[in-house]
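Structure first, then comments.
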Amino acid sequence: MNKVKPRVLPGFMELLPQDQILFNTMYDKIRKVYEKFGFLPLDTPTIEYSEVLLAKAGGETEKQIYSFNKGETDLSLRFDLTVPLARYVSQRYADITFPFKRYQMSKVFRGERPQKGRFREFYQCDIDVIGADNLDLIYDAEMPAVIYNVFKELNFGKFTIKINNRKILNGFFKYLELSNKVSDILRIIDKIDKIGKDTVKEELLKIDINVDNVDKILEFIAIDGSNEEIITKLKNIPIKAEMYLQGVDELEQVILNLAEFGVEAKYYKIDLTIARGLDYYTGSVYETVLDELPKLGSICSGGRYDNLTEYYTNQKLPGIGISIGLTRLFSQLKEQNIISSEKKSLTKVLVLPMENVNIKYALKVASMLRQKQINTDIYYTSKNLKQKIKYADKLGIEYVAIIGEEEENSKTVMIKNMINGKQEKVSCDIAEIIKKIK
RNA sequence: GUGGAUAUAGCACAGUUGGUUAGCGCGCCAGUUUGUGGCACUGGAGGUCAUGGGUUCGAAUCCCAUUUUCCACCCCA
């Protein structure tokens, strides 16, 4: 009989248990920090009506979305968690308490060519705050504060949260009378870290911006210094457009507030080249990089969007959010050996009943341990003791509880420490057993 | 969508100008040890050499096509 070759689609990450344990550890750490800041869990459907997901989309997003039909219905797999959130708050406006803070950590799907660090199915770990009518500027500082706490907790080394404000860029481009090319310009300057100043200049010239303005743009986004110095320089530029002034003002507030959130100053930095490709951002924008691994690019990004729900409702529901691409982050850090899998099992004690032993006794021992919240497994398969112990060894299980005829008759358990090889017979009493495995 | 590579055992690979029965390592199974793992030794299973066609006395090796996967661009997490 011809066998079907077992395989998974390219761009879909699938892990061995030891890697999955590591992945889940990261996932749990992120979730805990999100919850610590008051974000509520949300789980929207993986599949939505195409018209809902595509309400706003266009261009690249639309090309990359997985769509299909079931009967008469046009369906699509979600390609991010932000659009479903916009749908959710628009739909459930009456039942939600605002400001609505939610987190969602789930898989999203994008039908693009997979490559290094680029998946077609991947986890996004999002937090967003949605306000009714307005959303206080304090949240623009809370977002990076949460990021700071997450990456401190994950402990991958020094990182920098780069902060900018779209209003500053938009105001500046308006001042140069380039308003009709804003999204192209943003996309190009956003790549400056990757492609360099000269290529950015070339590309800007290519979209018909005159040399004079190209130089002004490059000069503007190159403004550098301490956060305070950058703010001062921005204020000294004689642009009177309200949007620009408002952007500078917001950015200044965010920087001031961040200190109040207890974020160490060296972990955040104003960077005027941060533009973000997505065009729905309207205010603060963020990108986070690991200082030691700049090649990974942004490991967490987001920003403020004021109009994302306009396709679903007349209610004004401004929001702000950030997203960690966990699948990419995990795969890249694993490849760079920044993180490595240590545990192959979550079992603390493996109970090994010998042949001829009444299984009831083994089950009783396991139950006692489980009642004390100790992860316990029993090896049921009929094999010799050597193989059973080998199983524990291969999975890195710390303790085995050997139960043979001797133990059963004397109501004892042989507890063996697999790390140092020592073993000792103790009476079948949970307190005695716990003493041995602590 | 554009460009460049790749394909040999479960995994990672070697395989000479084309030459008998395609190899090594890891992993897997068993034994040396029937109540004790890691180490060592011994043995074993596992391959239509991606697929199809061509050249040749003879193809994993050369040619063509298809497929696959990877890398880069675009875009993005």
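All chains are named by letter (A, B, ...) in the order of the sequence lines, taking the proteins before the strands, and each is independently numbered beginning at 1. None of these values were measured; they are calculated from a predicted model.
- Shown here, rC41(B) forms a base pair with rG31(B); the pair counts as Watson-Crick or G-U wobble because both key distances fall under 3.5 Å.
- Taking a pair to require two hydrogen-bonding distances under 3.5 Å in either a Watson-Crick or a G-U wobble arrangement, rG52(B) pairs with rC64(B).
- Straight-line distance from the NZ atom of Lys344(A) to the P atom of rG38(B): 14 Å, rounded to whole Å.
- Between Glu203(A) atom CD and rC74(B) atom P the separation is 7 Å, expressed in whole Å.
- Within the 4.0 Å cut-off from OP1 or OP2 of rG35(B), not a single side-chain nitrogen or oxygen of Lys388(A) is found.
- rG54(B) and rG1(B) have their P atoms separated by 32 Å, with the value rounded to a whole Å.
- With hydrogens and angles ignored, a donor-acceptor pair closer than 3.5 Å exists between the side chain of Glu112(A) and the base of rA77(B).
- When each of Thr46(A), Val52(A), Ile47(A), Ile65(A) is tested with Ser76(A) by the rule side-chain contact (heavy atoms from CB on, under 4.5 Å), just one qualifies, namely Ile65(A).
- One interatomic measurement links the two molecules: CD1 of Ile65(A) to P of rC76(B), which rounds to 15 Å at whole-angstrom precision.
- Here Phe23(A) and Tyr123(A) bring their ring centres to under 6.0 angstrom of each other.
- The pair Arg166(A)-Asp306(A) does not meet the salt-bridge criterion, since no charged nitrogen lies less than 4.0 angstrom from a carboxylate oxygen.
- Of the side-chain N and O atoms in Arg187(A), one or more sit less than 4.0 angstrom from OP1 or OP2 of rC75(B).
- Contact check, Lys191(A) against rC76(B): no side-chain N or O comes under 4.0 Å of OP1 or OP2.
- Between the C1' atoms of rA5(B) and rC39(B), the separation comes to 42 Å (whole Å).
- Atom name P, nucleotides rU55(B) and rC13(B): the rounded distance is 34 Å, in whole Å.
- Between the side chain of Arg113(A) and the base of rU2(B), at least one donor-acceptor pair of N or O atoms lies under 3.5 Å.
- Taking the P atoms as reference points, rA7(B) lies 30 Å from rG44(B), given to the whole Å.
- Using atom C1' as the reference point in both rA40(B) and rG35(B), the two lie 22 Å apart (nearest Å).
- Map Glu406(A) and Arg118(A) each onto its nearest nucleotide of RNA chain B; the residue landing nearer the 5' end is Glu406(A).
- Counting non-hydrogen atoms under 4.0 angstrom, Gly421(A) reaches a base of the nucleic acid.
- Mapping Gln387(A) and Ile402(A) onto RNA chain B by nearest heavy atom places Gln387(A) at the nucleotide closer to the 5' end.
- Centre separation under 5.5 Å together with a plane angle under 30° holds for the ring of Phe122(A) and the six-membered base ring of rA77(B), marking them as stacked.
- Residue Lys416(A) places a side-chain atom within donor-acceptor reach of the base of rU36(B), judged by atom type and a 3.5 Å distance cut-off alone.
- A salt bridge between Lys36(A) and Glu153(A) is absent, with no side-chain N of the basic residue lying under 4.0 Å from a carboxylate O of the acidic one.
- For rU34(B), the base has no donor-acceptor partner in the side chain of Glu355(A) [N/O atoms by modelled type, under 3.5 angstrom].
- Using a cutoff of 4.0 Å between basic side-chain nitrogens and carboxylate oxygens, Lys425(A) and Glu406(A) are scored as salt-bridged.
- When distances run from any side-chain atom of Lys386(A) to the nucleotides rU32(B), rA77(B), rG35(B), the shortest one goes to rU32(B).
- At whole-Å resolution of the value, NZ in Lys383(A) and P in rG31(B) are 10 Å apart.
- One atom, CD of Glu424(A), and another, C1' of rU36(B), lie 16 Å apart when rounded to the nearest Å.
- With hydrogens and angles ignored, no donor-acceptor pair closer than 3.5 Å exists between the side chain of Gln64(A) and the base of rG1(B).
- Using P as the reference atom, rU66(B) and rG25(B) are 39 Å apart when rounded to the nearest Å.
- Taking atom P on both nucleotides, rC62(B) is separated from rC71(B) by 25 Å, rounded to a whole Å.
- A cation-pi geometry, defined here as NZ or CZ lying under 6.0 Å from the six-membered ring centre and within 45° of its normal, holds between Lys411(A) and Tyr361(A).
- The side chain of Ile389(A) lies closest to rU36(B) when the candidates are rU36(B), rA77(B), rC75(B).
- Between Gln115(A) and rC70(B), a side-chain N or O to OP1/OP2 separation shorter than 4.0 Å is absent.
- Cation-pi geometry between Lys158(A) and Tyr267(A) is satisfied (NZ or CZ under 6.0 Å from the ring centre, within 45° of the ring normal).
- Taking atom C1' in both rG15(B) and rA77(B), one finds a spacing of 42 Å when rounded to whole Å.
- Minimum atom distance to the side chain of Gln423(A) is reached by rU36(B), of the listed rA72(B), rU36(B), rC76(B).
- Thr327(A) comes within 4.0 angstrom of no nucleic acid atom, judged by non-hydrogen atoms across all strands.
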